[in-house]
Amino acid sequence: MIKTKSLKCLTGFLLVVFLSHALSAKITAIKAGKLVDPEKGITQVNQIILVEGKKIKAIGGDLEIPGGATVIDLSDSTILPGLFDCHVHLFICLLAKDWVRSIDEKYRFQLWRYGNDFLNYTLNNTTTYRALQGVKNGREMLEAGFTTVRDAGGVGNYADTDLRRAIENGLVPGPTIINSGRIISPIGGQFTWGLHAERPGQGEPEYFYADTKDEIKKAVRENILYGAKVLKIIADDQPYIYSAEDIKFIKDEAARAGLKVAAHSETEEGAYNCAKAGIASIEHGFKMSDQTLKLAEKNNVYLVGTDFTGEYLKEGYGFSDEMVQYWVDLIIDRIKRAYKIGVPMAYGSDIVLEIPGKTWGEMSKSTMDSYVRAGLPAEYILKMMTVNAARLLGVENERGFLKEGMAADIIATPENPLEKIQTLKKVKFVMKEGIVYVNQN
Ligand SMILES: [Zn+2]
């Protein structure tokens with residue numbers, strides 16, 4: 001008898017807890033003056049978004065705001081999904097202009113990109129310090145409106161996995177991170193200076209050297225085991241490069257565990273191998289021919305162009321005017337050709353430098369200017385930063401769209417980015433998974 005009574009009491013208690021929880025379930029109502037749908041390129045006016053917990057509960061023009069809901073009035077703003085940056089390096093931070101000196105602009109890109117300063121950075125900073133650097137950079141990205149980023153490696157001994165977990169567990173604010181772990185590469189990684197036979201391990205753990213199929217399989221599996229959510233490879237930074245067959249092998253091994261592959265590629269040959277293997281994305285691809293762009297389009301390989309502006313190359317990397325001109329011409333021409341051919345493109349900034357007075361988010365957004373300069377429509381640039389990126393990252397059923405059931409990753413701008421894309425540089429409200437991080441209203 002006593003036992004039954006206790007059970008009844010417990011049931012009653014649980015019912016009360018459940019009901020009180022249901023009654024107090026926190027709803028936030030956002031009044032959206034304008035609501036942009038980047039997928040369709042349309043704007044609706046006077047919409048209401050109801051957010052419950054981490055997700056969008058309902059969205060529409062004639063919704064009733066439940067009593068007790070927290071109301072956020074953004075009726076003078078434009079609301080859109082949180083932005084994506086598909087190529088960040090949260091765990092690298094080099095001082096601008098420290099590492100570029102007179103280099104013939106005809107040389108390949110990596111000669112200045114991964115010189116002694118990057119090697120020094122990896123040798124002088126522990127994984128712990130780099131994780132803390134990542135906390136700062138991640139917060140700055142989030143505050144600028146980037147609610148999702150794909151980290152493209154350069155993480156010491158898996159600083160990226162720990163930051164991703166810390167953000168997921170609510171320890172620190174930051175964007176949703178799709179992290180790549182250690183970059184898989186033919187021996188040497190991207191270090192073209194500073195490595196020699198007496199210090200064979202100096203490029204590790206930054207890079208996971210994998211040349212044979214067995215080594216590749218091990219590298220893929222170890223990355224997955226230690227928390228990578230995407231794999232990053234170096235297709236072509238040394239005189240020896242991964243073949244299309246090697247890349248296809250990596251892709252298949254990753255796919256068995258549900259992961260996609262992104263490849264750093266700077267040469268035409270390397271990009272062709274990536275396009276042929278049909279991986280998820282080619283990063284940079286500055287020298288892709290029309291033929292390779294067409295193959296990428298055919299195989300649904302995204303281009304994450306990381307298309308630096310001249311200003312960034314000059315201010316950040318200290319390029320001479322002549323070098324700036326060479327690279328800007330190359331980059332703008334490649335953007336135009338890629339857009340015309342119809343390669344799916346997603347936004348990625350590849351910021352690795354500290355420029356005093358600028359946040360990580362501000363530097364990331366400078367890349368937008370290259371697409372404006374190349375004449376891409378605002379609608380397409382916005383797609384690159386939202387829906388295209390969500391599809392590339394494989395999260396299109398969770399985020400990147402403002403729809404019922406999707407993550408409440410919501411930002412607001414003063415003007416409509418479909419009419420004025422530069423307004424994305426003035427994000428005034430940021431919500432990620434239902435939590436407000438910025439509200440300058
Ligand atoms: Zn990069």
Side-chain angles (χ1 to χ4, degrees), residues 84-94 96 99-100 108-115 117-119 121-122 130 133-134 137-138 141 146 148-156 159-160 163 175 177-186 188-192 203 205-208 223 228-238 242 260-267 270-271 274 279-288 302-309 312-313 316-317 327 330-331 334 345-355 360-361 363-367 370 384 389 392-393:
F84 287 62
D85 186 331
C86 301
H87 192 121
V88 299
H89 295 286
L90 298 179
F91 310 94
I92 302 173
C93 185
L94 309 168
W99 64 336
V100 183
R108 283 169 54 194
F109 218 45
Q110 85 277 6
L111 281 182
W112 55 265
R113 286 189 63 232
Y114 284 88
D117 287 0
F118 180 51
L119 177 60
Y121 180 81
T122 69
R130 293 173 67 177
Q133 178 77 56
N137 296 343
M141 290 297 289
F146 291 99
T148 308
V149 301
R150 184 178 63 168
D151 193 276
V155 300
D160 57 339
L163 180 59
I177 298 179
I178 313 288
N179 62 306
S180 65
R182 291 172 60 199
I183 300 171
I184 299 170
S185 166
Q190 288 173 277
F191 291 122
T192 49
E206 217 60 36
Y207 297 94
F208 202 132
N223 259 305
K229 297 296 176 190
V230 63
L231 295 178
K232 167 87 179 293
I233 67 168
I234 301 300
D236 57 0
D237 244 46
Q238 300 288 358
Y242 277 143
K260 298 189 181 198
V261 176
H264 167 105
S265 172
E266 293 181 24
T267 67
C274 294
I279 52 165
S281 64
I282 291 172
E283 313 293 302
H284 321 302
F286 295 125
K287 296 186 177 169
M288 289 171 80
Y302 279 69
L303 175 63
V304 179
T306 67
D307 295 301
F308 305 113
T309 63
Y312 184 75
L313 290 173
Y317 288 109
W327 282 103
L330 194 82
I331 284 169
R334 202 274 280 102
M345 292 197 272
Y347 191 82
S349 65
D350 199 21
I351 302 301
V352 294
L353 297 166
E354 179 87 25
I355 296 182
W360 222 249
M363 288 190 286
S364 167
K365 286 181 192 170
S366 71
T367 307
S370 294
M384 290 172 68
L392 165 61
L393 270 49

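Reckoned from all heavy atoms, side chains included, excluding hydrogens, waters and symmetry mates. Just follow the structure's listing: the first ligand is 1, and inside any ligand the first atom is 1.
- Taking the ring axis of Phe286 as reference, the NZ or CZ atom of Arg334 does not stay both within 45° of it and closer than 6.0 Å to the ring centre.
- Among the backbone and side-chain atoms of His264, no N/O/S atom is found under 2.8 Å from the Zn ion (ligand 1).
- Residue Asp350 approaches the Zn ion (ligand 1) most closely through its N/O/S atom OD1.
- Between Asp85 and Lys365 there is no salt bridge, since no side-chain nitrogen of the basic residue lies less than 4.0 Å from a carboxylate oxygen of the acidic one.
- The distance from the Zn ion (ligand 1) to the nearest N/O/S atom of Glu283 is not under 2.8 Å.
- At distances below 3.5 Å, at least one donor-acceptor pair connects side-chain atoms of Lys232 with backbone N or O atoms of Ala152.
- Within the 4.5 Å cutoff, the side chain of Leu393 has heavy atoms near those of the Cys86 side chain.
- Residue His284 does not count as close to the Zn ion (ligand 1), with no N, O or S atom under 2.8 Å.
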